[in-house]
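The block underneath contains the structure these notes are about, expressed in structure tokens.
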Amino acid sequence: MTVLPPRLNLPGFSIRNVIRVRGGDIAEAYRVDTQQGRLFVKTGRPEVSATFAAERDGLALLRRALEASGAGVRVPEVKMLVPATKTQLGALVLEWIDTQPARAADAKLGEALAVLHRADLGTPGYGADADNFIGRTPQVNGWLSEWPAFFRERRLEPQIARARSAGLWQARWDVPAARLLGKLGDLLPERPRPSVLHGDLWSGNRLSDASGQPVLIDPAAYTGHREADLAMTELFGGFSASFYEAYQATWPLDPGYERRRRIYNLYHLLNHLNLFGAGYAGQVDAALRG
């Protein structure tokens with residue numbers, strides 16, 4: 001039997017058993033059996049637990065989109081947010097979901113994601129009410145009425161500034177980056193249908209529950225152009241052809257997606273450059289010059 005870290009408490013739950021499990025890149029994760037049911041508990045250092053409130057809010061936003069759209073995908077229920085203090089670790093407490101290999105639900109996920117992207121929450125444009133995180137990196141939101149401006153000012157420019165500050169930006173990227181930023185109004189649609197995005201949809205953030213229903217976890221959610229989610233699924237692979245076929249059959253992508261995909265994934269490559277270092281410089285270079 002594992003035990004929870006000594007500075008972590010779960011008020012209101014009577015704990016029977018604790019098992020350390022895999023649970024993401026930046027947090028410690030536990031399966032906690034209690035008299036009230038089985039839980040998934042994430043905790044970590046202060047810089048990690050600082051992201052938990054945003055994750056809770058992202059799950060709530062996805063849940064609102066699911067309720068509005070009827071999409072056949074599952075989002076974990078948040079049981080509790082434990083704020084970090086000087087004497088106590090912070091934690092995000094979720095329902096426990098028994099899983100099976102995620103690719104088994106790829107076709108269902110492709111269809112469900114297209115339906116979710118069509119949810120109409122009456123948002124004032126692109127963004128979110130509050131800033132959140134992409135991994136450990138702060139992600140600026142707020143609302144803008146034009147998508148190219150949002151993606152330039154709230155996505156690419158903050159990552160570029162972060163890379164410059166960290167000494168990871170290369171001078172030879174100045175010209176192609178300035179050219180790309182200046183042309184975003186021509187390259188991206190001005191006012192695409194606003195979609196609730198997962199925001200960090202790599203293969204590790206989708207699961208399949210024991211019944212075969214797809215599950216989305218660890219969002220960096222905001223409202224944007226749906227292609228940004230699809231582009232992220234292709235950046236590191238892991239999704240089967242059935243996922244893309246089902247998405248296209250439900251809501252086909254517009255012509256020119258392949259060109260826009262490079263732009264959307266530049267954001268995630270810059271984030272990986274900033275988080276993990278110069279090993280991503282080659283991919284950033286290729287995206288800027290592609």
Side-chain angles (χ1 to χ4, degrees), residues 51 54 58 117 123-202 219-236 253-290:
T51 70
H117 282 162
T123 55
Y126 308 100
D129 289 333
D131 296 345
N132 53 14
F133 295 85
I134 178 76
R136 294 191 305 271
T137 306
Q139 182 168 258
V140 182
N141 288 308
W143 295 100
L144 288 177
S145 61
E146 295 182 359
W147 172 245
F150 179 87
F151 202 75
R152 179 176 58 250
E153 298 172 20
R154 308 291 166 83
R155 292 296 177 263
L156 293 179
E157 288 181 344
Q159 291 285 8
I160 291 171
R162 186 176 292 272
R164 289 186 189 277
S165 178
L168 293 166
W169 185 260
Q170 298 183 14
R172 62 179 177 155
W173 296 342
D174 287 343
V175 171
R179 184 184 304 118
L180 174 63
L181 293 173
K183 292 175 60 180
L184 282 185
D186 298 324
L187 298 172
L188 302 182
E190 183 178 11
R191 290 186 174 89
R193 178 172 179 155
S195 295
V196 173
L197 306 182
H198 178 280
D200 192 12
L201 195 52
W202 68 287
Y222 66 101
T223 299
H225 186 200
R226 64 190 178 114
E227 291 181 355
D229 260 356
L230 269 293
M232 179 59 168
T233 68
E234 297 192 64
L235 182 57
F236 301 118
L253 296 173
D254 296 325
Y257 162 71
E258 290 76 12
R259 179 181 63 178
R260 295 185 292 272
R261 176 180 59 196
R262 172 181 63 87
I263 299 170
Y264 293 143
N265 281 341
L266 175 60
Y267 173 65
H268 296 290
L269 290 171
L270 287 167
N271 186 50
H272 278 69
L273 176 74
N274 288 321
L275 286 173
F276 305 117
Y280 284 91
Q283 289 172 273
V284 170
D285 188 89
L288 282 169
R289 298 173 180 274

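Just so you know, these numbers come straight off a predicted model, no measurement behind them. Only heavy atoms go into these numbers, but all of them, side chains included; no hydrogens, no water, no symmetry mates.
In this structure, the side chain to side chain donor-acceptor pair (under 3.5 Å) partners of N132, at least two apart in sequence or on a different chain, are Q139, N141. R260 meets the salt bridge (charged side-chain N to carboxylate O under 4.0 Å, His left out) test with E227; sequence neighbours excluded. Remark: A231 engages Y257, R261, Y264, N265 in a side chain to side chain contact (heavy atoms under 4.5 Å, CB included) (not counting sequence neighbours). Evaluation of the side chain to side chain donor-acceptor pair (under 3.5 Å) rule for T233 yields Y244 as partners, not counting sequence neighbours. Remark: R172 pairs with Q170, D285, R289 by the side chain to side chain contact (heavy atoms under 4.5 Å, CB included) rule, at least two apart or across chains. In this structure, F133 has no ring-ring contact (aromatic ring centres under 6.0 Å, His included) partners at least two apart in sequence or on a different chain. Under the side chain to side chain contact (heavy atoms under 4.5 Å, CB included) criterion, R154 pairs with V140, L144, F150, sequence neighbours left out. Residues satisfying the side chain to side chain contact (heavy atoms under 4.5 Å, CB included) test with S145, not counting sequence neighbours, are R191. Among residues two or more places apart in sequence or in another chain, the ring-ring contact (aromatic ring centres under 6.0 Å, His included) test is passed with H268 by none. Residues meeting the side chain to side chain donor-acceptor pair (under 3.5 Å) test with N274, sequence neighbours left out: Q159.
Put simply, the side chain of L235 reaches to within 4.5 Å of the side chain of L269, judged on heavy atoms. Side-chain contact between Y280 and L275: absent, with no pair of heavy atoms (C-beta onward) separated by less than 4.5 Å. Side-chain contact between L266 and V284 is present, with at least one heavy-atom pair separated by less than 4.5 Å.
In this structure, D129 contributes its side chain and G142 its backbone to no donor-acceptor pair below 3.5 Å. One N or O on the side chain of Y126 and one on the backbone of P192 form a donor-acceptor pair closer than 3.5 Å.
L288 and W169 make their closest contact through CD1-CH2, 4.1 Å (heavy atoms, listed as atom of the first residue, atom of the second, distance). Residue P194 comes nearest to T223 through the heavy atom pair CB-CG2, 3.5 Å, listed as atom of the first residue, atom of the second, then distance. Of all the heavy atoms in P219 and G58, the pair that sits closest is CG-C, 3.7 Å.
How far CZ of F276 is from CG of N271: 7.5 Å, rounded to the nearest 0.5 Å. Interatomic distance, CG of L197 versus OH of Y222, reported as 5.0 Å (0.5 Å rounding). Put simply, CD on E258 and CD on E234 are 8.0 Å apart, with the number rounded to the nearest 0.5 Å. Taking CD1 of I134 as the reference point, atom CG of L270 lies at 12.0 Å (rounded to 0.5 Å).
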Quick one: side chains of residues 177-190, donor-acceptor pairs under 3.5 Å with protein atoms, not counting sequence neighbours, listed by atom name and distance.
none

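Judged as a salt bridge (charged side-chain N to carboxylate O under 4.0 Å, His left out), the pairs with a partner in residues 159-168 (not counting sequence neighbours) are, in order, R164-D174.
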>> What verdict does the side-chain contact (heavy atoms from CB on, under 4.5 Å) test give for I160 and W173, after you've listed the backbone C-alpha separation in whole Å, the side-chain angles of each residue and the deciding distance to 0.1 Å?
In response: CA-CA 10 Å; I160 291 171; W173 296 342; over 6 Å; no
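Partner of H117 under the side chain to side chain contact (heavy atoms under 4.5 Å, CB included) criterion, chosen from H225, R193, R226, H198: R226.
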